[in-house]
Each structure stands twice: as structure tokens, then as C-alpha cells.
Amino acid sequence: MHQPSSPSRIDWVARSCRLLAATAAEFSQTRPFAGLTIGTGIHLEPKTVALLMTLRAGGAHLVCTGNLNSTQPETVDYLQAQGITVFATQTTDAAEHGTSLDAILAEKPDLLLDNGGDLFARAAERPYANLLGGTEETTSGRTRLLPMRDKLAMPILVINDSPIKQFAENKHAVGQSLFESYLRFTNRSTNGKRVTIFGYGACGKGTAACFRNAFSTVSVVDINPVTTLEAHLDGFVTPLRAEAIRSADILITVTGYPAIITAADLPLIKDGAILMNGGHFPHEIDVEGFHSSPDVVGVDRYEAEHIETIRMQDGRSFHILGAGHMANLAGPRPLGNTVESMDLGFALQARCLERVAKGGLGKEACVIPVPADIDAIVASAYLDLAR
């Protein structure tokens, strides 16, 4: 009789990332990163392990850190057991996170895999000779790095600007995972709730669709009138901002920009409303501004659930999930986006790093979209596995 084994969630994810497994098999033969060190600053959770193992199969020496409030200790333990250098803790403290980023750059990696521009922004201020370039995962990071192009002057490919990333991960997976996260945090219904989505990019589109499919009435707020028109024609309510806040039972930010909901909005927030953020940085909802407002008389913290209740002078209260951090990688048992979407997105990462490592891109490729031929390679490979 066979004895049952006890594989982990990391094992489950690795076995589910078929595209990365195929890419790793190829890289083990071609060795595109032989002799190179790759420094990574990206969420350390099980799906990231599959990407990192793929890069190591290609010959890379890895030095890794995570992002604010998303590092999962079991992932760090696993990577360290594999002999990978990790400088990361589960922290919401920006200074502590900065120490980890500095430790990565002290290793002078040849390539950077960045998420939010943390590593490249530091490298722009403290350049070193052997840095070839790398990748940036997010819209937030692209926005941050664009003004630094002259300082950076190296190839940096923005994964978020790939159409595959836009529809597979941002539209479909972020929408699903934020919906799942609302349920996971609150155990509350979405039926009949009024939901306001801030931002109607790909992430906003997916989030709006998921909550509408769960029988919510969904409003959309976007500063771009053309995008707002698109939301209107897609069948969503598009009220003015103040009314969209005042009427909402659930408010969700997915813009990539700071100060979307602030203390100035406190008079508008409905009693019992729930606020959550899906953007990369924890500054779309100004939690600290709420705490310091004279209109706030107290904060109740449900520690195990990672929920804060803000109590107002006038008797109203509202709730914030995950302290305003990216909700799908915060709170109890954070799962992030679906395995299949990250298999695709991380295959783009691996192929883009391969392209930069080959040295065929110049400084004019600084903070540009994924080359179209890489999109085609990844899409074809995924479809071949799906057929």
C-alpha cells in the first residue's frame, strides 16, 4: 500500500505552472543567464517560486526580496532551503523594506526583476557598471520610472504593457482575486450591494465585471472621460465622484495612483461601508490620513481578520481591509491571482529577461512595452499546452 505524501501549496502551484515548467526545461539547455546574477523585488508567494526556479534553470544566480506586506514566510523558507539568497521579511514598514532593497543592490546584480519600481528607482540614484537592465511588472512602476529614463538609460521591459498581461492577468485574474478577497476577508454577501470601482483600466474592468456577475450594482469612477464613456457603454453606472462614494456599500481602488480616497472624503463615506485596495502601492486609500483626522474618534482592529473599523464623531463607522494594502495579497490566507494567469505573466517575465540578457536591446528600450514577438512566443506556447 502506498503511503500518502504531504506536498505543500508551493508544490501544487509548481505542478500547475505548465508553461513555466516547459520554459525551464528549455532554459536548462540554452542557459541564457549563465554567469549572471538576477536581483528580484517581487511578491514572495508560491507562484513566484515557479518563476524563480525557471530563471535558476537558465543558469541565474538569484538574490531576492519581496514587496511591502506580501512576503509569505513559507515561501522565504522554501527558497532559502533551495540555496537562494533572500533578504525579506513580512513587513508594512517602508524603512525595513528599504533595507532589504539595499541588500539586493549591494550584490550588484546584472539584471533586475522589479515590481513597483523599487529596485530601479534606487539604481537610478546609485548606478553601478554591470547592470544590464531588466523588467518592471506594474503600471505603478512604469509611472514611477518613466521620469527617470535619462538616468536609467538601459533596457527595461514593462510586463504590464503586454496585451497578454492586460487581459489574462489584469482583467480576468485581478477581478477574480479581488472578488475572492472581499469574500475571504468579510464573509459577507455581494448580492444587492452597491459597489464603486475607482479606475476602469484592465484591472477595473475585471473587478467591475466580477461584482456585477455576483449581483451587485456597480458604479465606475475614472478621471478620463473617454474611459468613463466606455464604462457607461459597458452598462455600468457612472455617477459623479461624490455621489459614487456616498452611495457605496463597497469602495474598491484599482488605479495605480495615490490619494484616491482621502480624509477629505470622510463626510461622504456611508455608515458601514467597506474599503479595499487592489492597486500595487498601499497609498490609494489614505489610511494614515483617516487615523489622524479630528473627525475620527477611534479605530477597532480585528487583528486575525486584518480588518480595521474607523469610528466617526457623528456615529458612523466604516471598515478597511488589509490596512489598504493590495487586498488579494493581504489578510488571512492570501492567494493572489490565479495560477494560470501568473503562469502566463511570469513566462513573459522570463522571456523578457532572456531578451535583455542577450544584449540586443539598447538604452532606447528603457521603460517600453514587451516586444510583440515575445507576446507571440508566449501565447503560442500556452495554446500548444492547452490543446
Side-chain angles (χ1 to χ4, degrees), residues 17-34 36 38-42 47-48 50-60 62 109-117 119-120 131-142 145-146 149 152-174 201-202 337-387:
C17 287
R18 299 171 62 207
L19 183 54
L20 281 174
T23 306
E26 177 191 328
F27 280 2
S28 68
Q29 301 299 313
T30 60
R31 306 283 288 176
F33 309 117
L36 299 177
I38 300 178
T40 75
I42 194 166
K47 292 179 284 294
T48 314
L51 169 61
L52 297 176
M53 293 299 107
T54 300
L55 299 178
R56 190 164 78 163
L62 296 169
D110 303 281
L111 297 166
L112 295 178
L113 189 166
D114 210 354
N115 195 49
L119 289 171
F120 277 117
L131 181 56
L132 302 174
T135 58
E136 164 54 43
E137 175 79 4
T138 65
T139 299
S140 301
R142 187 232 297 138
L145 296 180
L146 273 173
R149 291 183 73 186
L152 289 163
M154 66 185 71
I156 302 171
L157 304 181
V158 180
I159 306 304
N160 200 69
D161 291 343
S162 160
I164 293 173
K165 173 75 159 57
Q166 287 290 308
F167 61 70
E169 187 176 337
N170 294 357
K171 182 179 179 181
H172 292 303
V174 171
N337 290 335
T338 57
V339 173
E340 293 88 347
S341 71
M342 298 309 297
D343 194 20
L344 274 163
F346 283 163
L348 286 171
Q349 283 276 13
R351 291 296 182 185
C352 286
L353 288 167
E354 177 191 31
R355 181 66 54 86
V356 176
K358 286 181 177 178
L361 298 170
K363 62 182 182 180
E364 69 280 356
C366 187
V367 195
I368 67 165
V370 174
D373 67 308
I374 293 180
D375 282 315
I377 289 166
V378 170
S380 295
Y382 190 92
L383 289 169
D384 287 343
L385 291 169
R387 290 186 176 114

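Start at 1 with the first residue, then count along the sequence.
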Does the pair Q166 and N160 meet the rule for a side chain to side chain contact (heavy atoms under 4.5 Å, CB included), with working shown? CA-CA 6 Å; Q166 287 290 308; N160 200 69; 3.0 Å; yes
Run L361 and R355 through side chain to side chain contact (heavy atoms under 4.5 Å, CB included) and show every step you take. CA-CA 8 Å; L361 298 170; R355 181 66 54 86; 3.7 Å; yes
Closest heavy-atom pair, G39 versus P109, reported as atoms and distance to 0.1 Å, is N-CB, 3.4 Å
Heavy-atom distance under 4.5 Å between the side chains of V367 and F120, does that happen here? no
Closest approach of V370 to V158 (non-hydrogen atoms, all atoms of both residues): CG2-O, 3.5 Å
Determine yes or no for a side-chain-to-main-chain donor-acceptor pair under 3.5 angstrom, with N337 supplying the side chain and M342 the backbone. no
Please find the pair of heavy atoms, one from A357 and one from P32, that lie closest to each other, and give the distance. CB-O, 3.8 Å
Steps toward side chain to side chain contact (heavy atoms under 4.5 Å, CB included) verdict (T54, F346): CA-CA 9 Å; T54 300; F346 283 163; over 6 Å; no
Taking A202's backbone N and O only, do any of them form a donor-acceptor pair with N170's side chain (distance below 3.5 Å, no angle check)? no
Heavy-atom distance under 4.5 Å between the side chains of L157 and I368, does that happen here? yes
Any chance you could lay out the side chain to side chain contact (heavy atoms under 4.5 Å, CB included) test for E137 and T135, step after step, and finish with the verdict? CA-CA 7 Å; E137 175 79 4; T135 58; over 6 Å; no
Among L353, I164, I377, which residue satisfies the side-chain contact (heavy atoms from CB on, under 4.5 Å) criterion with L348? I164
Shortest non-hydrogen contact from S341 toward A173: OG-CB, 3.2 Å
Among T23, D343, L19, the one residue meeting side-chain contact (heavy atoms from CB on, under 4.5 Å) with V378: L19
Shortest non-hydrogen contact between A57 and A24, atoms and distance: CB-O, 3.7 Å
If we check side-chain contact (heavy atoms from CB on, under 4.5 Å) with K47, which of these qualifies: I42, T338, V339? V339
